[in-house]
Amino acid sequence: MINANTFIERRNALRDSMKNSGGIIVFPANNEAPMNYSSNVYRYRQDSTFRYFFSKCRDGVFGVVDIDGGVDILFGNDFTIDDIIWMGDQPTIAALGKESGITDTRTIADFETFIATALKQGRRIHYLPPYRHDVIINLASLLDKPVDMVNTGASLELIKAVVELRLIKSADEVVELDKVCDVGVMMHQAVMKNAKAGVTEQYLAGLAEGISLSYGTGNSFPIILSQDGQTLHNPFHHGTLTEGRILLVDMGAESESGYCSDYTRALPVSGKFTPKQKEIYEIVLKANVDSIAMARPNIKWQDVHFFACRTLAEGLIAAGLMKGNADDAVRVGATSLFMPHGLGHALGMDVHDMEGLGENNVGYDDVVQRSTIFGHRSLRFGKYTKVGHVLTVEPGIYFIPNLIEQWKAEGRHKEFINYDKLAEYYNFGGIRIEDDIVITNDGCRVLGKPLQKGVAELESFMN
Ligand code: GLY
Ligand code: MN
């Protein structure tokens with residue numbers, strides 16, 4: 001449970017790190033998003049950074065941190081009797097302010113005056129890059145800017161200060177992450193128990209989503225559950241499970257407290273991997289286990305990514321699908337044919353934590369630069385780890401026929417890839433094994449209750 005004092009401390013820490021910039025910081029809450037008419041809305045999702053500084057609160061409000069004035073203000077209108085008739089009695093803005101330790105609460109009309117005055121006084125108005133169109137339009141009107149200039153006007157100093165704070169998870173936050181990881185484990189175990197030939201992917205996705213809703217606020221992102229696991233973010237659940245195939249399941253939950261989990265497992269529909277599947281599965285598993293064993297404070301995460309790719313290369317060479325020197329294959333990006341994505345990403349209140357603030361602002365800095373090589377460049381977090389970082393570890397091997405065909409036609413990295421042997425793998429699909437870790441003083445800890453991933457324990461659990 002995050003209490004009011006924590007929100008006060010977070011805002012004070014932010015004010016402190018922004019004191020050289022001066023001005024005011026505006027955090028717009030997310031609004032309700034209509035599905036088809038204004039009162040029929042999608043599941044409400046508060047903006048994560050707003051929530052980090054002002055608690056969940058509600059739609060239609062603005063949080064302000066006045067850097068020079070040393071005050072925090074929550075602006076919003078109280079519900080009218082018409083709202084209360086339909087929705088029941090609602091907390092007042094004053095009561096919502098108390099939840100995050102704010103005593104100065106005012107109306108939206110006051111907010112408009114406040115911003116107009118700040119503009120007239122030439123004060124700096126910092127805001128984060130908005131990602132919702134209604135918020136962009138709202139900021140454009142408040143700040144008297146063209147809509148297409150709102151994003152470019154976002155404050156880089158603020159982005160950096162927020163990333164610095166949110167990236168390090170406190171003990172309270174890790175408690176919440178552990179709990180939401182447990183829900184992710186339950187979702188996966190329900191699918192493991194029910195995955196068998198004849199069952200539809202849609203049924204399994206619904207089963208898992210039901211668990212995420214029963215124990216929290218739903219999925220942390222749209223569930224990936226498909227026998228076409230070679231498509232990295234396959235959003236479709238159109239298939240029916242078929243003997244002999246692999247079902248890739250990538251999903252996690254979001255908790256009432258606003259934290260996310262993210263796990264991936266690859267399941268043999270028949271309840272037992274074929275020798276060919278097992279061979280590839282064991283390579284990915286080794287990359288997952290060895291990367292977790294390597295994780296500790298002050299290690300360049302980009303190096304752990306390269307290390308995982310080398311483990312994949314060594315396994316693929318042993319399996320006859322690659323050849324040559326494993327380190328060289330990683331360096332030139334030949335392994336990206338099999339894993340065209342990064343080892344993992346930051347996790348927290350967003351499943352890809354703070355990606356809305358710019359991937360490079362979260363995962364890279366002046367010391368560690370993003371690779372420009374296909375595959376390696378998709379690593380979202382590459383910088384040195386610190387105690388309290390929460391990351392996913394998710395190596396994979398995929399057989400993507402279109403990509404293989406393209407590389408083969410170009411003769412790309414042919415000194416490292418046995419293209420002829422790959423023809424036997426066009427219907428294989430993909431395998432990814434993903435766990436969530438927190439960096440600790442002496443290494444890392446896998447969050448949540450253990451989720452089966454060894455071949456024997458997985459097969460035995462499924463059966
Ligand atoms: N689990 C989805 C992703 O990491 O992109
Ligand atoms: Mn992930």
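One-based numbering, in listed order, for ligands and for the atoms of each.
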Undergrad: With a heavy-atom distance limit of 4.0 Å, tell me whether His345 approaches ligand 1 through its side chain, its backbone, both, or neither.
TA: side chain
Undergrad: Any salt bridge between Lys179 and Asp182, counting N to O under 4.0 Å?
TA: no
Undergrad: Geometry only, no angles: is Arg380 polar-contacting ligand 1 at N/O separations under 3.5 Å?
TA: no
Undergrad: Specify the protein heavy atom at minimum distance from atom 2 (C) of ligand 1: its residue, its atom name, and the distance to 0.1 Å.
TA: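 Checked against all protein heavy atoms, atom 2 (C) of ligand 1 sits closest to Asp250 OD2, 3.3 Å.
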Undergrad: Identify, by atom number and element, the atoms of ligand 1 in contact range of Glu434, meaning under 4.0 Å from any of its heavy atoms.
TA: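 Atoms satisfying the 4.0 Å criterion: 1 (N).
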Undergrad: So Gln406 and Glu410, do their side chains get closer than 4.5 Å, heavy atoms only?
TA: yes
Undergrad: In this structure, are over 12 heavy atoms from other groups packed under 6.0 Å from Lys145 atom NZ?
TA: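 Result for NZ/Lys145: enclosed.
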Undergrad: Can you check side-chain contact (heavy atoms from CB on, under 4.5 Å) on Leu391 and His345, steps first, answer last?
TA: CA-CA 5 Å; Leu391 300 166; His345 50 86; over 6 Å; no
Undergrad: Taking the side chain as C-beta and beyond, is there a heavy-atom pair between Ile292 and Cys444 under 4.5 Å?
TA: yes
Undergrad: Distance-only, no hydrogens or angles: does the Glu201 side chain make a donor-acceptor pair with backbone N or O of Gly239 under 3.5 Å?
TA: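 Side chain of Glu201 to backbone of Gly239: a pair is present.
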Undergrad: With a cut-off of 6.0 Å (strictly less than), are more than 12 heavy atoms of other residues, nucleotides or ligands near CE of Met35?
TA: yes
Undergrad: Suppose the criterion is ring-ring contact (aromatic ring centres under 6.0 Å, His included): which pairs have a residue in residues 428-463, not counting sequence neighbours?
TA: Phe399-Phe428, Tyr425-Phe428
Undergrad: Which ligand 1 atoms are under 4.0 Å away from a heavy-atom of Phe221?
TA: 1 (N), 2 (C)
Undergrad: Do Glu243 and Ser270 have side-chain N/O donor and acceptor atoms under 3.5 Å apart?
TA: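 Looking only at side-chain atoms, Ser270 and Glu243 do form a donor-acceptor pair, the distance falling under 3.5 Å.
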Undergrad: At less than 2.8 Å, how many protein N/O/S atoms surround the Mn ion (ligand 2)? Leave waters out.
TA: 4
Undergrad: Any idea which protein heavy atom is nearest atom 5 (O) of ligand 1, and the distance to it?
TA: His233 NE2, 2.6 Å
Undergrad: Hey, are the side chains of Asp436 and Asp262 touching, using non-hydrogen atoms and a 4.5 Å cut-off?
TA: yes
Undergrad: Compute the minimum heavy-atom distance from Met251 to ligand 1 and say whether it is under 4.0 Å.
TA: no
Undergrad: At the 4.0 Å heavy-atom cut-off, does His352 count as touching ligand 1?
TA: yes
